[in-house]
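Working notes, beginning with the structure itself.
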Amino acid sequence: MISSEKLKATMTDKGFNQSELAKATGVKQSAISAYIAGTSTPSADALYRMAKALGLSMDELYADDATKKEPSHYKNKTDELEKKIRHLKKVCETLGKQVSSLGHTVDEFSQIISQ
């Protein structure tokens with residue numbers, strides 16, 4: 001979702017009010033108001049035009065600062081994923097041993113029946 005706070009702050013920094021941004025972009029003022037309020041999401045075209053007028057990339061305008069996590073956040077997620085992967089590997093090893101053991105049992109049973 002668009003960062004309404006970033007949109008509002010950038011408009012202020014660049015000297016735009018809603019009416020001026022609407023004129024500069026061709027996006028309706030009511031739509032800009034809804035984007036700032038967070039009640040509506042702009043189309044890709046509207047996002048592009050607003051970003052261009054404000055001197056931002058679409059990603060900068062679209063990305064919410066709350067989604068920009070510290071590297072420690074990613075480290076924690078990586079650690080969690082690595083732990084889950086280790087667990088899954090152990091489960092697979094156990095299952096592999098059980099399947100192998102079952103295969104031996106089936107082979108032994110087949111030999112007994114064939115005798």
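In this chain, residues are counted from 1 in sequence order. Atoms considered below: every heavy atom in the structure, side chains included; atoms not considered: hydrogens, waters and symmetry mates. In this text the structure is predicted, and so the values were computed from the model without any measurement.
- Side-chain atoms of Ser33 never come within 3.5 Å of backbone atoms of Gln29 as a donor-acceptor pair (strictly under, hydrogens ignored).
- Here the closest heavy-atom approach between residue Ser4 and residue Ile36 is recorded as CB-O, 3.0 Å.
- Here the closest heavy-atom approach between residue Asn17 and residue Ser19 is recorded as OD1-N, 3.0 Å.
- Distance check, rounded to the nearest 0.5 Å: CG of Asp59 to CG of Leu47 gives 8.5 Å.
- One finds the CG atom of Leu54 at 6.0 Å from the OG1 atom of Thr10 (value rounded to the nearest 0.5 Å).
- Here the CE-CE distance, from Met58 to Met50, works out to 9.0 Å after rounding to the nearest 0.5 Å.
- Tyr35 and Ser43 get closest at one heavy-atom pair: OH-N, 4.4 Å.
- Going from atom CG of Leu21 over to atom CG of Leu7 covers 6.5 Å, rounded to the nearest 0.5 Å.
- The structure places NZ of Lys6 at 6.0 Å from CG of Leu56, a figure rounded to the nearest 0.5 Å.
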